[in-house]
Protein chains: 2
Amino acid sequence: MVPARRPRTATAEKRQRLLDATEQVMIRDGYAAVTTRRVEAEAGLKLHYHYGSLDELLIAVVRRRGQQTVARLGQALASPEPLRAWWRLMAEPAGNRLLVELTAAANHRPAVQAEVASLARQVRRMQTEALPSLLDEYGLDGDEFPPALVASAVQGLAFAMAYDQASGFDTAQEEAVAGIERLLDRLERGRRR
Amino acid sequence: MVPARRPRTATAEKRQRLLDATEQVMIRDGYAAVTTRRVEAEAGLKLHYHYGSLDELLIAVVRRRGQQTVARLGQALASPEPLRAWWRLMAEPAGNRLLVELTAAANHRPAVQAEVASLARQVRRMQTEALPSLLDEYGLDGDEFPPALVASAVQGLAFAMAYDQASGFDTAQEEAVAGIERLLDRLERGRRR
DNA sequence: AATAAGTTAGAACGGTCGCTCCAACTTCGT
DNA sequence: ACGAAGTTGGAGCGACCGTTCTAACTTATT
C-alpha cells in the first residue's frame, strides 16, 4: 500500500517507473501479459508496495495517459494547423496500441472501464466544442459534417490506420497515408481565420 | 484431437456450437475469459476433443467469421445501395466487438494474428477493388479520395462508433449516427450508374 | 554510530489456467 | 443384442496468477 507517512523523494519517480513498465509490457505483449511478476521484473520494483492492486495500477496508467492526451490535444487544437496537429496526435502508433489494450482490458475490469469511459468523454467533449468554429475556418458546412461525426471519423480513421500498420496488415497504407496528407494540405491551405 | 476416421453426423454441428460458445464468451466477457473450462461450460461439449488447442479454436472462429463477412461484403457491394449496405455491415455492434477482442487476442497469439491479418487483407482488397467504379458512380473524385483511404475511413468510423456505443462512452452518438445517415441519403440519391 | 522509516526479496496461500489421460458412457452398423 | 467407434466426465499435471506476509535490506536523520 501507499505509505501513510513520509515517502522518500524517489517514491514519486518509482511510481512513474511502474507506470512506464506497465505501458511497455502492455504495448509489447498485450494487456493479459500485465501481471504482478512481469511488471515487477520490468520495473525492478515491488508492485504491491506502491500500488495496492493491479486495478489501481491500470487506473493510474489511464489517468496519466489521459492527462498527457488532454494537454496535447489542447495544444494541437490551438496550434497554427489545428487539423493536422490533431490528426498527428490521434494517429500515434504507441498511443493507439495502448488504447486497444486498455479498452480490451476494461472489458472485464469495471473500474478501468469507468476510467477509460470518463477519459473518452472528456476528449470527445474537447473536440466537439472546438469543432464548430474550426469547421467554419476550414470552410466546411457544419450541417453536412456534424462535429460529433467529424470527431468520430478522425478518431476512427487514425485508429484503423495505426492498427493496420502495427499489426502488419499491409493493406495499402501508403496510399491511405498519402491521401490523408493531401487532404490535410488542401484543408490547411484553404483555412482562413 | 479431431478423430481420424468416421465422425458422426452431429460432429460438424458440435464444432459450430463450440465456435458459437466462444464468440458468446468473447463478446460477453472479453477474450481473456475464453478459457477451456468456460467454453466447455457454455457449449456443453468437450473442447480438446473437437479442437486440439485454444489457438486452433480461435483460428476457427476467425475463419468462420471471415467467410461470413466476405460473403456479406460481396452482397453489399453488389446491392442497390452499395455504400449504405457496406456501412451497415461494418457498423454491426456484435461484429465490431468481436473484432476488438480478436485483434487484442492476436497480440500475443501469433497464429491468430496471422489469420486476422490475412482476413483483413482479403476484406480490404475486396473494398479497394470495388471502390474505383463505385466512387465514380457516386460522383466522387478518385484522386481526392483514394480507395485505400475511403476503405480505412469507413472501417475506422464504423469501428469507433460501434465501440463507443458498446462501451457506453456516451459521446453524442445520436448526432454522429444522424450525420452518417444524412450523408448516406445524399450520396445514394446522387448515385448514377 | 544509532535509530527509525521506507523499501525489497522471497516464500506462501488458494485459485485458475491449458492440456493430457483414462474409464465410462452414448451412438451406430451389423 | 452385440461390438466397435465416437464422445464425455473428471481427475490430475505443472505453470502461473493476485495478493499477503515477514524478515531483511537501504536510506535518511539525528
Side-chain angles (χ1 to χ4, degrees), chain A residues 1-22 25-26 28-61 101-102 104-113, chain B residues 1-22 25-26 28-61 101-102 104-113:
Chain A
M1 225 348 165
V2 175
R5 290 308 178 93
R6 236 179 301 152
R8 297 181 187 165
T9 47
T11 302
E13 188 233 343
K14 286 183 180 180
R15 285 171 63 99
Q16 294 300 313
R17 279 217 335 252
L18 276 167
L19 300 187
D20 292 341
T22 307
V25 172
M26 213 170 219
R28 195 192 324 122
D29 306 315
Y31 84 86
V34 175
T35 68
T36 313
R37 290 162 179 81
R38 243 184 282 212
V39 170
E40 288 184 341
E42 180 87 16
L45 292 169
K46 205 72 171 158
L47 199 165
H48 283 98
Y49 180 76
H50 297 279
Y51 292 94
S53 67
L54 268 192
D55 260 21
E56 229 175 86
L57 175 72
L58 289 177
I59 288 173
V61 168
E101 295 298 330
L102 281 172
N107 276 342
H108 39 91
R109 286 182 183 270
V112 178
Q113 154 81 25
Chain B
M1 230 340 168
V2 176
R5 291 308 178 95
R6 236 179 301 151
R8 299 181 187 166
T9 49
T11 301
E13 186 233 345
K14 286 183 181 179
R15 296 183 106 226
Q16 295 299 314
R17 279 216 337 250
L18 276 166
L19 300 187
D20 292 342
T22 306
V25 173
M26 211 170 221
R28 196 193 323 121
D29 306 315
Y31 83 86
V34 175
T35 66
T36 313
R37 290 163 178 81
R38 243 183 283 212
V39 171
E40 288 185 341
E42 180 87 16
L45 292 168
K46 207 69 171 159
L47 198 166
H48 284 99
Y49 180 75
H50 297 280
Y51 292 94
S53 68
L54 269 192
D55 262 20
E56 229 176 85
L57 175 72
L58 290 177
I59 288 173
V61 168
E101 295 299 329
L102 281 172
N107 277 341
H108 39 91
R109 286 180 182 271
V112 177
Q113 154 82 24

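Chain identifiers are assigned alphabetically (A, B, ...) following the order of the sequence lines, protein sequences preceding nucleic acid strands; residue numbering begins at 1 within each chain.
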Open item on the list: In this structure, how many angstroms lie between the P atom of C:dT7 and the CD atom of A:E40, rounded?
Closed with: 15 Å

- [ ] Kindly state each residue pair satisfying side-chain hydrogen bond (donor to acceptor under 3.5 Å, both in side chains) with at least one member in residues 29-45 of chain A, sequence neighbours excluded.
- [x] A:R28-A:E42, A:Y31-A:H108

Open item on the list: Measuring only between side-chain heavy atoms, which start at C-beta, is A:L45 closer than 4.5 Å to A:R15?
Closed with: no

Open item on the list: Please report the distance, rounded to the nearest Å, between CZ in A:R17 and P in C:dT7.
Closed with: 12 Å

- [ ] For B:L45 and C:dC25, give me the distance from atom CG to atom C1', rounded to whole Å.
- [x] 15 Å

TODO: Measure the spacing between NE2 of A:H50 and CD of A:E56 and express it to the nearest 0.5 Å.
DONE: 12.5 Å

- [ ] Would you mind building the protein contact string for nucleotides 17-23 of chain C? One character per nucleotide, 5' to 3', B for base within reach (heavy atoms under 4.0 Å), S for sugar-phosphate only, - for untouched.
- [x] BBBB---

Open item on the list: So, OP1 or OP2 of D:dG6: does either fall under 4.0 Å of a side-chain N or O from B:K14?
Closed with: no

N/O contacts under 3.5 Å, protein versus nucleotides 22-24 of chain D?
none

Open item on the list: If the condition is side chain to side chain contact (heavy atoms under 4.5 Å, CB included), which residues does B:D55 pass it with, not counting sequence neighbours?
Closed with: B:S53, B:R109, B:A111, B:V112

Open item on the list: Between P on C:dG10 and OH on A:Y49, what's the gap in Å once rounded to a whole number?
Closed with: 18 Å

- [ ] Mind calculating the distance between NE2 (A:H50) and C1' (C:dA9) to the nearest angstrom?
- [x] 13 Å

Task: Euclidean distance, atom CG of residue A:L47 to atom C1' of C:dG10 [Å, nearest integer] - done: 16 Å

TODO: Could you grab the distance from atom OG1 of B:T22 to atom CG of B:L102, nearest 0.5 Å is fine?
DONE: 10.0 Å

Open item on the list: As an exercise, state the distance from NZ of B:K14 to CG of B:D20, rounded to the nearest 0.5 Å.
Closed with: 14.5 Å

Open item on the list: Less than 4.5 Å apart, side chain to side chain, heavy atoms only: is that true for A:Y51 and A:L19?
Closed with: yes

